[in-house]
Chemist: 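My questions all concern the structure below.
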Amino acid sequence: MQKRWVESEVDSVEAIAGLQETLNINHVLASLLVKRGIHTFEEARFFFRPDLRQLHDPFLMADMEKAILRIEKAIAAKEKILIYGDYDVDGTTSVALVYSFFKKHHSEIDFYIPDRYSEGYGISTQGIDFAAEHNFRLIIALDCGIKSVDKIEYANSLNIDFIICDHHTPGDELPNAAAVLDPKRDDCPYPYKELSGCGIGFKLIQAWCQTKDIPFENILCYLDLVAVSIASDIVPITGENRILAWHGLKRLNTEPCMGLSALIELAGKKESYTITDVVFMIGPRINAAGRIDDAKHSVNLLIADDHAYAYEKGQIINQKNTERKVHDSSITEQALAVIDNDTELMGRKTTVVYNANWHKGVIGIVASRLTEKYYRPTVVLTESNGHVAGSARSVLGFDLYEALLECSHLLEQFGGHKYAAGLTMKAENIPAFQQKFEEVVAASIPPELLIQQIRIDAELDLKDIDSKFYRILNQFAPFGPQNMAPVFVSRKVKLLGKAAEVGNKHLKMCIYQDNSSRFDCIGFGLAEFLPQLNAGIPFDVCYNIEENNYKDKRSVQLNIKGIRIHAFEN
C-alpha cells in the first residue's frame, strides 16, 4: 500500500535560529525542539534532563485529600483493603505498585483482577461480591471505575467504599465514591491530564509519602512499573509521563523489580530497553496472562520478592504469550480470508468481521493487524458469555469513540479512546451495526485519512549526520506518542553497490549523497523497490536514525520508512 508523505510545516525561522545559536546545535535539531514547544535554554535543559523535582504536587488532583484520609481511616481501624485493577498491562502494573507499597504499611490487604471472560472490563458485581464475602471495607480501583456509577452504588449498599484511580474520560455523572482521582474530571485542576492508570497510582502513593514524611526516594523503586504502563498503554510521552518514563526506563535497565527482571531474561534482550522494546517485548508477555488464562499471574510476577518464584511465574507467562501468538496468527489468517473473499466488504471504508469461535483474548491484536493491512476503522467481534464482544481500532486522525457513540443504540456497552475501544452487543444486532458503523464512518472520514501517512519532521543532508548530531538526537528519547522518533527525508541519494532482499521481503542497502558518509539501511517490507533501486536512478528516502548493535559492534543505521524513485514521479 502506497503511503502519503506529509512534511511538517516550517516553524518560526527566528525561533529556530535563536535556539540554534543558544545551544550551538544543528539547525535541524533546533527545529525539532521548536516543534516540541521548546524555545529557551532552560526549556531545553529540562527536556534533555527530565527532573523528578518537576513532578506536580499530587494534592493538586481533585479528591486526593479525601483518598488519603479514607486510607488512613482504613489502616487505623484495621479494615481490609482490596486493590482492584483491570487485566491489561496498565491495570496489572497499577495493582502491583499500589499493593506492594501499602502492603508495607498495612497487613490486611489483598488484590483482585476481574476475569476477562466471565466478568469483562472494569468494576464487576462479582468483584464487589467477593469483597463483601471476605469482609473488605475499602476497594482501591485502578485503571477502571470512572463510569461504574451503578456498580459503586451497589458497593455503597453493602457498606463498601471505593477510591477510584482512573485516567479514562468520565461520563456525564461521576460515581458516588469516597474519592475519584482522575485528571480528566472537568473539575480537576491537576495540570497534567495524560497520566496512565499506573501513573495515577504512583501519584496516590506519592501523596501518602508527603503526608507521612516518607522520603520520596523510597518510591523510586516503582518507576519501572510506571514506565512499562506508559509504554504499553500508548499514552503521550510528554510532561510528567516523559519524566516518569525517562527515570522508569533507567530503573528498568539497571535495577528492575524481580518480576520484570525475569521477563527481561526470558525475552532475551539484556540491556538498553526503549519504549518500543517494552511495547513489543515486555507488554505482550504481561498481557498474555489475562488474554489466555488469568491476569493474577502477572500481578503475582510483578510483586514477587524471590527470584526463583519470579522466574517460575515468568515462565508461565512466557508460555501464555506463545499460546497467544498461535491464536493471534490463526485468527488473523481467518479474518483476512473473510475480507479478501467478500467484494462488498473489500469496497467499504470500515472492516467489521465476526466469528463466534474466535478467542476473545486476542481480538484486539487481530483488529490492530487488520487496521494495519487495510488501513480503515476496524471492529473484530466474537461470542462471549451469550453476548458478542468486540475490539475496535482506528486510523490516525479519526475519532473511533465518536463514531461508536453514534452506534450506541445498537450496543449493550462500549468504552475506550479515540483510537481503541471495546464493545458488547446482542448477536442479532451485528448486521445493523455493520451497516450503521459503515454509514457513520463513510459520512465523516476524509479520504486522505484512509491512506497511511508518513509524517516527515525535517529535510536532512546525510553529511550532517555525525556523532554529535546522533548523540543529541538520542537525548530526545524516550520516544512515543507526541514525542515520536523524528522522521527525516534526504533527497537524490545514491546506492552504493546493489540493494538486496533479506528476511521476509525486507530491504538492505547502503546509500550516500555527494560529500557524505555511507550509511547502511534496513527497510522492512520494502523489497518491492529492488528493481528500481538497482537500476541506478537517484531516489528520495525518509527514515529514522537508529543504532544497530550486531555482534557487539555498534553503528548508525537508517531505518527506511519510504522510498520515492525520481523516474517515477509525475
Side-chain angles (χ1 to χ4, degrees), residues 50-85 91 93-112 131 135-143 145 160-167 177-183 185 188-192 195-227 229-230 240-241 243-244 247-248 250-251 255 257-258 299 302-305:
D51 192 332
L52 289 166
R53 290 171 295 183
Q54 294 172 268
L55 294 178
H56 301 301
D57 181 348
F59 285 98
L60 292 174
M61 198 175 292
D63 279 8
M64 184 62 81
E65 188 171 352
K66 289 181 182 178
I68 296 301
L69 288 172
R70 184 61 186 88
I71 295 170
E72 285 181 327
K73 176 186 173 184
I75 291 176
K78 294 183 169 53
E79 291 178 342
K80 293 181 73 176
I81 301 175
L82 187 65
I83 311 300
Y84 186 112
T93 52
S94 301
V95 168
L97 184 154
V98 174
Y99 173 84
S100 296
F101 176 80
F102 281 111
K103 182 73 172 174
K104 297 175 181 177
H105 304 277
H106 185 56
S107 59
E108 296 294 315
I109 191 167
D110 204 349
F111 70 86
Y112 186 94
N135 202 32
F136 288 95
R137 298 266 62 87
L138 174 63
I139 299 176
I140 301 176
L142 296 142
D143 191 35
I160 297 172
D161 284 339
F162 261 87
I163 293 172
I164 293 172
C165 304
D166 205 348
H167 70 126
V180 178
L181 306 180
D182 188 337
R185 285 176 54 171
C188 183
Y190 195 75
Y192 189 69
L195 291 166
S196 65
C198 191
I200 306 289
F202 185 82
K203 300 308 290 191
L204 178 66
I205 68 172
Q206 184 188 0
W208 180 267
C209 289
Q210 286 182 202
T211 303
K212 302 300 178 183
D213 292 325
I214 297 171
F216 181 69
E217 289 71 21
N218 286 23
I219 59 173
L220 297 183
C221 59
Y222 302 112
L223 287 178
D224 52 357
L225 293 172
V226 180
S229 81
I230 288 170
E240 276 195 310
N241 280 345
I243 299 168
L244 293 167
H247 288 276
K250 187 176 180 181
R251 185 94 194 177
E255 296 180 84
C257 67
M258 289 187 180
V299 177
L302 297 173
I303 64 176
D305 56 9

Chemist: Using the test side-chain contact (heavy atoms from CB on, under 4.5 Å), find all partners of Ala178 that sit at least two apart in sequence or belong to another chain.
Modeler: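 By the side-chain contact (heavy atoms from CB on, under 4.5 Å) rule, Ala178 matches Arg70, Asp161.
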Chemist: Tell me the closest heavy-atom pair linking Ala74 and Ile81, and the distance in Å.
Modeler: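 Closest approach of Ala74 to Ile81: CB-CD1, 3.9 Å.
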Chemist: For Asp143, what residues pass the side-chain hydrogen bond (donor to acceptor under 3.5 Å, both in side chains) criterion, not counting sequence neighbours?
Modeler: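 Applying side-chain hydrogen bond (donor to acceptor under 3.5 Å, both in side chains) to Asp143 gives His167.
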Chemist: Any non-hydrogen side-chain atom of Leu225 less than 4.5 Å from a side-chain atom of Phe202?
Modeler: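 Leu225 does not reach Phe202 side chain to side chain.
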Chemist: Got a second to check how far Glu255's CD is from Lys250's NZ, nearest 0.5 Å?
Modeler: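 Rounded to the nearest 0.5 Å, the CD-NZ separation comes out at 10.5 Å.
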Chemist: Quick one: are Asn241 and Leu195 in side-chain contact, heavy atoms under 4.5 Å?
Modeler: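 Side chain of Asn241 against side chain of Leu195, heavy atoms only: contact under 4.5 Å found.
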Chemist: Quick one: ring pair (Phe, Tyr, Trp, His ring centres under 6.0 Å) partners of Tyr84, sequence neighbours excluded?
Modeler: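 Counting only residues at least two positions away or on another chain, Tyr84 forms a ring pair (Phe, Tyr, Trp, His ring centres under 6.0 Å) with Tyr112.
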Chemist: Would the number of heavy atoms belonging to other residues, nucleotides or ligands and lying under 6.0 Å from NZ of Lys80 be above 12?
Modeler: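 More than 12 within 6.0 Å, yes.
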Chemist: Go through the structure and list residues passing side-chain contact (heavy atoms from CB on, under 4.5 Å) with Lys66, not counting sequence neighbours.
Modeler: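 Per chain and number, Lys66 pairs via side-chain contact (heavy atoms from CB on, under 4.5 Å) with Asp63, Ala179.
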Chemist: Please identify each residue that fulfils side-chain contact (heavy atoms from CB on, under 4.5 Å) with Cys188, with sequence neighbours left out.
Modeler: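 With sequence neighbours excluded, Cys188 shows a side-chain contact (heavy atoms from CB on, under 4.5 Å) to Met61, Ala62, Arg185, Tyr190, Lys193, given in chain and number order.
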Chemist: Does Lys212 have more than 12 heavy atoms from other residues, nucleotides or ligands lying within 6.0 Å of its NZ?
Modeler: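 Enclosed: over 12 neighbouring heavy atoms sit under 6.0 Å from NZ of Lys212.
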Chemist: Could you list the residues that satisfy side-chain hydrogen bond (donor to acceptor under 3.5 Å, both in side chains) with Asp182, not counting sequence neighbours?
Modeler: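 Applying side-chain hydrogen bond (donor to acceptor under 3.5 Å, both in side chains) to Asp182 gives none.
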Chemist: For the atom pair OH (Tyr192) and CG (Leu60), what is the distance rounded to the nearest 0.5 Å?
Modeler: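 The distance works out to 15.5 Å.
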Chemist: By side-chain hydrogen bond (donor to acceptor under 3.5 Å, both in side chains), which residues pair with Gln206, not counting sequence neighbours?
Modeler: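 So Gln206 forms a side-chain hydrogen bond (donor to acceptor under 3.5 Å, both in side chains) with Lys203.
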Chemist: Distance check, rounded to the nearest 0.5 Å: Cys209 atom SG versus Ile219 atom CD1?
Modeler: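 Rounded to the nearest 0.5 Å, the SG-CD1 separation comes out at 4.5 Å.
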Chemist: Would you be so kind as to tabulate the donor-acceptor pairs closer than 3.5 Å made by side chains of residues 96-105, with sequence neighbours excluded?
Modeler:
{"from": "Ser100", "atom 1": "OG", "to": "Ala96", "atom 2": "O", "distance (Å)": "2.7"}
{"from": "Lys104", "atom 1": "NZ", "to": "Tyr222", "atom 2": "OH", "distance (Å)": "3.2"}

Chemist: Can you tell me how far CD1 of Ile140 sits from CD1 of Ile163, rounded to the nearest 0.5 angstrom?
Modeler: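 Ile163 atom CD1 to Ile140 atom CD1 measures 5.0 Å (nearest 0.5 Å).
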Chemist: Can you see which heavy atom on Gly199 is nearest to which on Ser229, and at what distance?
Modeler: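 Closest heavy-atom pair between Gly199 and Ser229: N-OG, 4.4 Å.
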Chemist: For Ile139 versus Ala131, what's the shortest heavy-atom pair and its separation?
Modeler: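 Taking every non-hydrogen atom into account, CD1-CB, 3.7 Å.
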Chemist: Please test Leu142 against Ile200 for side chain to side chain contact (heavy atoms under 4.5 Å, CB included), starting from the C-alpha separation and ending with a verdict.
Modeler: CA-CA 8 Å; Leu142 296 142; Ile200 306 289; 5.8 Å; no
Chemist: Is any side-chain heavy atom of Leu204 less than 4.5 Å from a side-chain heavy atom of Ile68?
Modeler: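 When only atoms from C-beta onward are counted, Ile68 and Leu204 do touch, with a gap below 4.5 Å.
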Chemist: Supply the atom-to-atom distance Arg251 CZ to Leu244 CG, rounded to the nearest 0.5 angstrom.
Modeler: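 One finds 14.0 Å between CZ of Arg251 and CG of Leu244.
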Chemist: My understanding is that only residues two or more places apart in sequence, or in another chain, count here; which of them pass side-chain hydrogen bond (donor to acceptor under 3.5 Å, both in side chains) with Asn135?
Modeler: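 Result, side-chain hydrogen bond (donor to acceptor under 3.5 Å, both in side chains) vs Asn135: Arg137.
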Chemist: My understanding is that only residues two or more places apart in sequence, or in another chain, count here; which of them pass salt bridge (Lys or Arg N to Asp or Glu O under 4.0 Å) with Glu65?
Modeler: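 Residues passing salt bridge (Lys or Arg N to Asp or Glu O under 4.0 Å) with Glu65: none at all.
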Chemist: Could you list the donor-acceptor pairs under 3.5 angstrom formed by side chains in residues 52-59, with sequence neighbours left out?
Modeler:
{"from": "Arg53", "atom 1": "NE", "to": "Asp51", "atom 2": "OD1", "distance (Å)": "3.2"}
{"from": "Arg53", "atom 1": "NE", "to": "Asp51", "atom 2": "OD2", "distance (Å)": "3.0"}
{"from": "Arg53", "atom 1": "NH2", "to": "Asp51", "atom 2": "OD2", "distance (Å)": "2.7"}
{"from": "Gln54", "atom 1": "OE1", "to": "Asp51", "atom 2": "N", "distance (Å)": "3.0"}
{"from": "Asp57", "atom 1": "OD1", "to": "Phe59", "atom 2": "N", "distance (Å)": "2.9"}
{"from": "Asp57", "atom 1": "OD1", "to": "Gln210", "atom 2": "NE2", "distance (Å)": "3.4"}

Chemist: To the nearest 0.5 Å, tell me how far Leu220 CG sits from His247 NE2.
Modeler: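 So the CG of Leu220 and the NE2 of His247 are separated by 9.0 Å.
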Chemist: Judged by atom type as modelled, is there a donor-acceptor pair below 3.5 Å linking the side chain of Asp224 to the main-chain atoms of Cys257?
Modeler: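 Yes, the answer is positive, given that a donor and an acceptor are paired below the 3.5 Å cut-off.
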